[in-house]
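Note sheet for the following structure.
Below, chains carry the letters A, B, ... as their sequence lines are ordered, and counting in each starts from 1. Computed from heavy atoms alone, side chains included, the values below leave out hydrogens, waters and symmetry copies.
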Amino acid sequence: MNYKDIANLIFPDVTLTVEDIFKRYPKRNLKEGQCVTRFAPSPTGLVHIGNFFQAFISYNLAKNSDGVLFLRIEDTDRKREKTEAKKVLYDVLNKFGLEFDEYQTLDGKDIGDYGPYVQSQRNDIYRVFAKKLVEEGRAFPCFCKKTDGKEDVLKLRESKFIDNDEREYDPCRDLSYEEIKKHIDNGESFAIRFKTKNKGDERIKFKDVIKGELEAKANAKDFIILKSDGTPPYAFAHAVDDTLMGTTIVVRGEEYIASTPAHIELFEALGFKLIDYCHNPLIYKLNEQGNRRKISKRYDPESNMMFFVENGYPNDAVYEYLLNMINSHFEIWRKNNPNLNWREFKFKPNEITTVAPIFDLVKLNDISKNIIATYSGEELFEKWRHWAEEYDKPLAQILNKERDKFVKVCQMDREGKPKPRKDIYDYKMMKELFHYFFESPKPIFEEEDKAKELLRSYLENFKMPSSNEEWFNDVKVIAGNLGYATDNKLYKENPDAFKGNIAKACEFIRLALTGEKDSPTLFNIIEILGEEETKKRLESCTK
RNA sequence: GGCCUCAUGGUCAAGUGGUUAAGACAUCGCCCUUUCACGGCGGAAUCAGGGGUUCGAGUCCCCUUGAGGCUACCA
């Protein structure tokens, strides 16, 4: 069999050699321990948290080793590609501030020496390597089509039990030059299949950086390396690109473990050095029945990274939560280093969890609360405003117009306090949380007469307080005169002797000013509302 | 069906043959307190089941069970 002639027959246009290509992609000059990692998403129109999780692991591996992180767009599957999808991807990456050392800009400019960083622009490269495999008898053209009365063959191929016997019936595996020429002269399209050397009973061992040594059946399938449209499926593109681009460690989901033996045989056939794999677990959700299921874009808004952006979670909160999912050494580190940025935290790939974690929004919220609690009032205000500019325009207008007031709102129980409030986990919730600073409340009193009496007296004696202590003393005097207990111990001993305790009196004032039974310290609220507005609200409750 | 991965409280998990089985979130109780939030103290709660190996097993081996993945001209 003259494989060289066959190769020239099916790739007449390919004149470059593998050596020519390698000249274009010189080996990277790396120091010991330096990692080259990549994020290789296909543009689907959204960035799934599972994918971002991988990107983030890659990012850490690269940064922690002073290595390289590049972005490669895997858009070989035309059916899946959507217009705008790439834009969405870049937008999300940008919003999260995930920076790449090498990538292609949206307008098609390659940054870095190993481009193009978009697979659909690399077809000529894949063809050179496919041709080489054909030349060496390690790949063959396959003319099988579903419309061709060959359903039985396709079924065999697709069946679960392909072994050596069945392969003998493969109509394309050992076609002669003449037979191939006939097919081509007929104008038939074809795919290129890899020709495995295995028979189906071989075993193979390989290392995974997270899981350690793995063992599986060796590949025994003649899988496609070039589709009939000339583009490569994942496996082939992965082998060629990651080799040429000098990737040292591939981070991918654990769904790829099963196909790793196929990738290894491909690498060997191509004469490529094997690359380290890091198969990370998928992210799950708990359903109503308490079973775990894959987090899905259909049912779980938080599976889409835009969820966190649109709700106004700080990026750092999302990152820290991810880090927490990757391994909980982080949490201990965080506790010991409360003031360091998470970027200072170094983890090794073998410390990444082997267990598929369940996404826990409550935990994320807790992390987020702690992070937001570290912001100054001014900082919080700016972040809130910045978020509103994009996701709540009317709110942004108000914040811009009444800047001073809302900076003060953001400063409440925050600045100068050793134990700041921790009740905000995203910017979206703030408008509702502080609704009484945007509009007059509509309080509902359970004991209306009592409330009116107290509020009337408070309003009559009202003077702007200059400190919390002063304010509280004023309330004590006024409430005390009306028969409220100013000493809680006395009240507890004999509650019937009083109209209520100070807490009760405060509740009436709080309701009048905020419409809520719970709020930050009233003194702060009065200070922000100002004398006029405070009196107005009190008065409207006395009628 | 075949092949593969995984298994510690409700959740995230530490743990690499000898521990009273860390810690965090959630939950419950108490304290602080003008409410909330914060903070402090405390409680309840875990090694999926069964066999081995060993003086000794959460940890090593086998089986079972459960969960998940792959088995495409998707990635």
Q) Which part of the nucleic acid, if any, lies within reach of A/Pro281 when heavy atoms closer than 4.0 Å are counted: base, sugar-phosphate only, or nothing? A) nothing
Q: Whole angstrom is fine here: how far is it from CG in A/Asn524 over to C1' in B/U33?
A: 15 Å
Q. Base, sugar-phosphate alone, or nothing: which one does A/Ala191 contact when heavy atoms must sit under 4.0 Å apart?
A. base
Q: Using a heavy-atom cut-off of under 4.0 Å over every strand shown, decide if A/Thr353 touches base, sugar-phosphate, or nothing.
A: sugar-phosphate
Q. Looking at B/A13, B/G69, B/A37, which one has an atom nearest to any side-chain atom of A/Pro357?
A. B/A13
Q | Any donor-acceptor N/O pair, A/Asp300 side chain to A/Ser303 backbone, under 3.5 Å | A | no
Q: Check if the side chain of A/Arg510 and the base of B/C36 share a donor-acceptor pair of N or O atoms closer than 3.5 Å.
A: no
(Q) With a cut-off of less than 4.0 Å, is there a side-chain N or O of A/Thr521 near OP1 or OP2 of B/U34? (A) no
Q: Assign A/Asn468 to base, sugar-phosphate, or nothing according to its heavy-atom contacts below 4.0 angstrom with the strands shown.
A: base
Q) Taking only side-chain nitrogens and oxygens of A/His329, does any of them come within less than 4.0 Å of OP1 or OP2 of B/G15? A) yes
Q) Is the count of non-hydrogen atoms from other residues, nucleotides or ligands lying under 6.0 Å from A/Lys207 atom NZ greater than 12? A) no
**Q.** Touch class at under 4.0 angstrom, heavy-atom based, for A/Thr354 against every strand present
**A.** sugar-phosphate
Q: Write down the distance between CD1 (A/Ile358) and P (B/A7), rounded to a whole number of angstrom.
A: 14 Å
(Q) As a test of reading the structure: which of B/C73, B/G68, B/C70 is closest to the side chain of A/Lys227, going by heavy atoms? (A) B/C73
Q) Dot-bracket for RNA chain B, 5' to 3', counting Watson-Crick or G-U wobble pairs under 3.5 Å, with [ ] for crossing pairs and | for inter-strand pairs? A) ((((((((.[[[..)..(....]]].(((((.......)))))....[[[[[..)....]]]]])))))))....
Q: Answer with base, sugar-phosphate or nothing: what part of the nucleic acid does A/Glu516 contact at a heavy-atom distance below 4.0 Å?
A: nothing
Q) Counting side-chain heavy atoms from C-beta on, which of B/A37, B/G69, B/C12 comes nearest to A/Asn324? A) B/C12
Q. Given that A/Phe359 and A/Leu214 both sit by RNA chain B, which one's nearest nucleotide is further toward the 5' end?
A. A/Leu214
**Q.** Under 3.5 Å donor-acceptor pair, A/Glu254 side-chain atoms to B/G69 base atoms
**A.** no
Q | Shortest side-chain distance from A/Pro233, nucleotide among B/A75, B/A22, B/G39 | A | B/A75
Q: Calculate the interatomic distance between A/Asp201 atom CG and B/C3 atom P; express it in whole Å.
A: 13 Å
Q | Short side-chain N/O contact to B/C4 OP1/OP2 from A/Lys211, under 4.0 Å | A | no
**Q.** Separation between the C1' atoms of B/G9 and B/C28, rounded to whole Å
**A.** 15 Å
Q | Pair A/Phe347 and A/Phe330, ring centroids less than 6.0 Å apart | A | no
Q.
Heavy atoms only, 4.0 Å cut-off, all strands: where does A/Lys363 land among base, sugar-phosphate and nothing?
A. base
Q. Among B/U35, B/A72, B/G69, which is the nearest nucleotide to the side chain of A/Asp518?
A. B/U35
Q. NA contact type, A/Glu74, heavy-atom cut-off 4.0 Å: base, sugar-phosphate, or nothing?
A. sugar-phosphate
Q: Take the protein atom CD of A/Glu351 and the nucleotide atom C1' of B/U16, then report the distance between them rounded to whole Å.
A: 13 Å
Q.
If the cut-off is 4.0 Å, is A/Arg203 near the phosphate of B/C4, judged by side-chain N/O to OP1 or OP2?
A. yes
Q) Is any side-chain N or O of A/Lys221 closer than 4.0 Å to OP1 or OP2 of B/C73? A) no
Q: May I have the distance from A/Asp75 (atom CG) to B/C74 (atom C1'), rounded to whole angstrom?
A: 13 Å
Q. Hey, mind stepping through A/Tyr425 and A/Asn311 against side-chain hydrogen bond (donor to acceptor under 3.5 Å, both in side chains) and telling me if it holds?
A. CA-CA 9 Å; A/Tyr425 55 80; A/Asn311 281 281; over 6 Å; no
Q) Does A/Lys419 place a side-chain N or O at less than 4.0 Å from the phosphate oxygens OP1/OP2 of B/C32? A) no
Q: Identify whether any heavy atom of A/Lys335 sits under 4.0 Å from a base atom; if not, whether one sits that close to sugar-phosphate; answer base, sugar-phosphate or nothing.
A: sugar-phosphate
**Q.** Aromatic centroids of A/Tyr427 and A/Trp384 separated by under 6.0 Å
**A.** no
Q: Check every strand shown and say whether A/Tyr256 touches a base, only sugar-phosphate, or nothing at a heavy-atom separation below 4.0 Å.
A: base
Q: Go through B/A22, B/C74, B/A13 for me and flag the one nearest to the A/Val355 side chain.
A: B/A13
Q. Does the gap between the ring centers of A/Tyr256 and A/Tyr234 come in under 6.0 Å?
A. yes
Q | 5′-ward residue of the pair A/Lys217/A/Tyr234 relative to RNA chain B | A | A/Lys217
